[in-house]
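Predicted, not measured: the structure shown is a model, and the values here were computed from it.
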Amino acid sequence: MTALDASLSGDWLFDPDHTRIGFSARHAMVTKVRGAFNDVDGRIHLDVDNPEESWVEVRVQTASIDTRSKQRDEHLRSADFFDVETYPEIVFRSTAIDEVDENALNVVGDLTIRDVTRQVTIPRAFTGVERDPFGKLRAGFEGTRRLDRRDFGLEWNAALDTGGVLVSEKITLEFEISAVKDEGPAEG
């Protein structure tokens, strides 16, 4: 990638205040419902000289789901969907990161939801690196990926009178990641 040099190698931690892992799904086949997980933790290990040694790990607390509807959120936390008491986390661990174009990556890895693990490829755009006014080095990544929620045991649905279903099977995941380089303790 053009903007990367060896000085960017190392560990990068997700900034939870500036990171969003969200989703959208069709509701009643006529509109989209959007939501996000408010408790997300992630780490990127970047090795510019040996890209095959780079990796990403993301942990999402399922109970932190937020769709701006208390009733819907409680249903999503129940055994019908995420079963947060039994499966408190969604975990993604990369197995390969491939540069497919300038500033475009495919992050391949294992996504685990409800104890079901599937390999997925998540396209990510590298949006840049900047030092913020507080001296922290930040990197940005964005991307989306459609998944079939049934592949992860999220089966619940209700039939509509017109033949459709209440909740679409295809879900679009949305990633907006701000990562801060772990540069060790501040000098001073």
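- Pairs passing the ring pair (Phe, Tyr, Trp, His ring centres under 6.0 Å) check and including a residue from residues 90-115, sequence neighbours excluded, do not occur.
- For the atom pair CZ (Phe141) and OG1 (Thr19), the distance works out to 10.5 Å, reported to the nearest 0.5 Å.
- For Asp11 (side chain) and Asp182 (main-chain N/O), no donor-acceptor pair under 3.5 Å exists by modelled atom type.
- One hydrophobic cluster holds both Val48 and Leu105 under the rule that ILVMFWY side chains link at heavy-atom gaps under 4.5 Å.
- Residue pairs meeting the salt bridge (Lys or Arg N to Asp or Glu O under 4.0 Å) criterion with at least one partner in residues 126-135, sequence neighbours excluded, are Arg131-Glu183, Asp132-Arg138.
- Phe175 approaches Arg124 most closely through the heavy-atom pair CD2-NH2, 3.8 Å.
- The minimum heavy-atom distance between Arg150 and Glu155, with the atom names listed, is O-OE2, 3.3 Å.
- Looking at heavy atoms from C-beta onward, Val58 lies out of side-chain contact with Ile177 at the 4.5 angstrom threshold.
- At a threshold of 4.5 Å between non-hydrogen side-chain atoms, the residues Phe152 and Leu111 count as touching.
- Interatomic distance, CZ of Arg93 versus CZ of Arg59, reported as 4.5 Å (0.5 Å rounding).
- Considering OG of Ser64 and CG of Asp73, their distance stands at 10.0 Å, rounded to 0.5 Å.
- Remark: the Thr117 side chain and the Asp110 side chain contain no N/O donor-acceptor pair separated by less than 3.5 Å.
- A salt bridge links Glu174 with Arg20; the closest basic N to acidic carboxylate O contact falls under 4.0 Å.
- Residue pairs meeting the ring pair (Phe, Tyr, Trp, His ring centres under 6.0 Å) criterion with at least one member in residues 38-59, sequence neighbours excluded, are His45-Trp55.
- Phe23 pairs by the ring pair (Phe, Tyr, Trp, His ring centres under 6.0 Å) definition with Phe37, not counting sequence neighbours.
- In this structure, NZ in Lys170 is found 7.0 Å from CG in Asp151, a value given to the nearest 0.5 Å.
- With respect to the salt-bridge test (charged N to carboxylate O, under 4.0 angstrom), the residues Glu57 and Arg43 do not qualify.
- With hydrophobic clusters built from ILVMFWY side chains whose heavy atoms lie under 4.5 angstrom apart, Phe82 does not share a cluster with Val33.
- Nearest heavy-atom pair, Val40 versus Pro16, reported as atom, atom and distance to 0.1 Å: O-CB, 4.0 Å.
- Note: the hydrophobic cluster containing Ile122 also contains Val116 (ILVMFWY, side chain heavy atoms under 4.5 Å, direct or indirect links).
- In terms of heavy-atom proximity, Asp66 sits nearest to Arg68 at OD1-N, 3.0 Å.
- Atom CG of Leu46 sits about 6.5 Å away from atom CG of Leu8, to the nearest 0.5 Å.
- For the pair Val107 and Thr121, the minimum side-chain heavy-atom distance is 4.5 Å or more.
- The shortest non-hydrogen separation linking Lys181 to Trp12 is N-CE3, 3.3 Å.
- The side-chain contact (heavy atoms from CB on, under 4.5 Å) search around Asn50 returns Asp47, Glu52, Glu53, not counting sequence neighbours.
- Residues Val180 and Val56 fall into different hydrophobic clusters, defined by Ile, Leu, Val, Met, Phe, Trp and Tyr side chains chained together at heavy-atom separations under 4.5 Å.
- Between Ile97 and Asn106, every side-chain heavy-atom pair lies at or beyond the 4.5 Å cut-off.
- Put simply, the residue from Thr144, Thr172, Leu173 that forms a side-chain contact (heavy atoms from CB on, under 4.5 Å) with Ser24 is Thr172.
- Using a distance-only test at 3.5 Å, with no hydrogens or angles considered, no donor-acceptor pair links the side chain of Ser94 to the main chain of Ala96.
- Checked options Val84, Ile65, Asp83, Leu154; the residue passing with Leu76 is Ile65 (criterion: side-chain contact (heavy atoms from CB on, under 4.5 Å)).
- When the ring pair (Phe, Tyr, Trp, His ring centres under 6.0 Å) test is applied to His75, the partners found at least two apart in sequence or on another chain are Phe81, Trp156.
- Taking every heavy atom of both residues into account, Phe14 and Asp41 meet most closely at CD2-C, 4.3 Å.
- Under the 4.5 Å side-chain heavy-atom criterion for ILVMFWY residues, a single connected hydrophobic cluster contains both Phe126 and Leu137.
- Put simply, the side chain of Ser54 never gets that close to the backbone of Ile44: no donor and acceptor are under 3.5 Å apart.
- Formation of a donor-acceptor pair under 3.5 Å by the Arg77 side chain with backbone atoms of Ala63 is found in this model.
- To the nearest 0.5 Å, atoms NZ (Lys136) and CG (Leu13) are separated by 10.0 Å.
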